[in-house]
Every structure is written in structure tokens, then in C-alpha cells.
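Below: the structure, in C-alpha cells.
On a predicted model such as this, the values are computed, not experimentally measured, just so you know. By convention in this document, chain letters (A, B, ...) are assigned in the order of the sequence lines, proteins followed by strands, and residues within each chain are numbered from 1.
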There are 2 protein chains.
Amino acid sequence: MDIIISNSSNIPLYEQVKEQIKNKIVSNELKTGELLPSIRSLAKDLRISVITTKNAYEELEREGYVETIPGKGTYVANKNKELIKEEQLQKIEGLIDTAVSIAKISGISKEEIREMLDILFEEE
Amino acid sequence: MDIIISNSSNIPLYEQVKEQIKNKIVSNELKTGELLPSIRSLAKDLRISVITTKNAYEELEREGYVETIPGKGTYVANKNKELIKEEQLQKIEGLIDTAVSIAKISGISKEEIREMLDILFEEE
DNA sequence: ACAACTGTATATAAACAGTATACACTGTTT
DNA sequence: AAACAGTGTATACTGTTTATATACAGTTGT
């Protein structure tokens, strides 16, 4: 499982792991029913503690993205695809909303943001 | 000074205070040389500790937004306006960038984001 | 000098992030 | 059935971050 974590980031390790796995589920790179790497092997890969990977998996389970069976492993859950898209839309709306707030405060125009959007959408 | 803080937010108190004061400086609601409320009076207003308001002011000073003189008070610093705008632009670019990343992962189109941008820009 | 205001320093408590290690469950191999 | 090698779980500990109370020190006007 290719996950890249940064120790110098201000984002907690378990959250970096959580987000990247969530992304793989949302993008369908990880499909429903698929077995995730064990917390141990993932921890060894990333050179972090077993407990940290466990925390990541626990949060994913709390949010309904995975299901874990003691002694067996952790599997991608059958989460409603429409619900997932709705969550992503809301996340984006939140980001755009703060961006707009900042723009208004500092007198930045809508066109400047539009340009950023155009450029960033092509680039990646 | 009207600042609204939420105890239930996941954002630390000192950071909520810091951001809102920074916004007032960026929007020129607080002008260069102006005296901020004392850490004590602000703490009393917001019903938080003196140390917490002090932490907020310290960070603002570290970022060059204010200057504080022991025994006298804390004043809005004469920070380069162009530099401030540059910082705000970068902050917005970061937000749009993550929004675009999420959109690409979950198959959300540029048009959907554009619509959000239009709506949010009119609303507020 | 004193009173009333400023910011500062020290010590403490609680929550959070990350860890190591010992424990318990599941499945396979013998 | 016993042994083993894999899975997740629970406990206990360390260091950092967030927030606090309280005692200290500088500035100003009377």
C-alpha cells in the first residue's frame, strides 16, 4: 500500500494515514470487501507504531469506511456511494467558503480565485 | 472588541482569537498604530485565561502583525500591505488546491466548484 | 509614593499523539 | 489437539500541546 507520511507535518500521523486510505476508498482504488494491510505490516512499512495505524483504522471504522474483524483483518465496508460523494461535496464547500471569506476580507476578487481554480484543475 | 469564540470547536482558543484579530488587521478594521485591548480585559470579556490571550498576542507578534511594549500595551504593527495580500493569496491557493484534489478523487467537476464559488461569493 | 493599569514568568492540570509490550482471537499445519 | 504464525486489542508510559491560576515586574497619572 503506497502511503506517504511526513513526520514534520503538523497533521498527526494517524490522520495522514486515515486520509490517504479514505482517498483510496473514495476513488475506488480500494474496492468494497477488499482486505487492507494488517496494522502490523502497515506500521512496519511506514516505520510507525502499531497503535498509530490502529488509531487510523479505528477512525475509518467509526466513519463507516471499513470494518474490522478481530483476528482476521480490516476490510473496506460497503458504504453508500452517494453518501460519500455528498460528504466530499460538503468538504469542498467548506474549503471554498473559507477561501471566499479570506478573499472578501483582503479585497481579492472572484476572478483571481477563478483563475487559480482553472490553473489547479489543469495541472495536477 | 467583538470576537466570538467557541469552546466546542476543535480549533484552539488562542488560535481562534489570533485569527479573528488578524482578520481585523487585514481588513483594516484595526489600523496601524492602533491599541489592542489589554490581554486582561480581553480575557475577561471572553471569559478565558490571561495566558491564553497572551499566547494569541505572542503569535501575532511573531508573525509581525502587532508589537507589544511591556507595561504599555499591544499595538497594530506597520506591516507591509503587499506582503499581507501575498500571504492571503497563498492561503486561498492552498484551500483551492485541496478542494481540487478532493474533487478529482471523487469525480466532481470543475463546474460544480465554480457554481459553489459563484453562490458563496454573492451570499456572504 | 501610590494606585491602577499594562505585560511577564512560573508552576500545574488535562487532553492529545505516539510508543512498546504483553494479551487474545483466527486459521493453518502438523 | 497442539503448535504456530498471522490477525486485532488493552494497558501503561512518555512527551507535547492547550489552558489555567497566581505571583511578579514595568508604566503612567495622581
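- Within the shown strands, dA1(D) is the pairing partner of dT30(C) under the Watson-Crick or G-U definition, both distances less than 3.5 Å.
- The pair K85(A)-E82(A) does not count as a salt bridge, with every side-chain nitrogen at least 4.0 angstrom from each carboxylate oxygen.
- Using a cut-off of 4.0 Å between Lys/Arg side-chain N and Asp/Glu carboxylate O, E34(A) and K31(A) are scored as not salt-bridged.
- The 12-atom threshold is not exceeded at NZ of K44(B), counting heavy atoms of other residues, nucleotides or ligands nearer than 6.0 Å.
- Among residues two or more places apart in sequence or in another chain, the salt bridge (Lys or Arg N to Asp or Glu O under 4.0 Å) test is passed with E61(B) by none.
- Atom CD1 of I4(B) sits in a sparse spot, with 12 or fewer heavy atoms from other residues, nucleotides or ligands closer than 6.0 Å.
- Here the OH-OG1 distance, from Y14(A) to T52(A), works out to 10.0 Å after rounding to the nearest 0.5 Å.
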Heavy-atom protein contacts under 4.0 Å, nucleotides 3-11 of chain C, coded B base, S sugar-phosphate only, - none: ---BBBB--
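- Nucleotide dT26(C) holds its C1' atom 13 Å from the CG atom of L35(A), rounded to whole Å.
- Read 5' to 3', the first and last nucleotides of DNA chain D with an atom closer than 4.0 Å to a heavy atom of chain A are dG6(D) to dA10(D).
- Considering all non-hydrogen atoms of both residues, L13(A) and S6(A) come closest at CD2-O, 4.1 Å.
- To the nearest 0.5 angstrom, T32(A) atom OG1 is 14.0 Å from Y75(A) atom OH.
- Atoms NZ (K44(A)) and C1' (dA20(C)) sit 16 Å apart, rounded to a whole Å.
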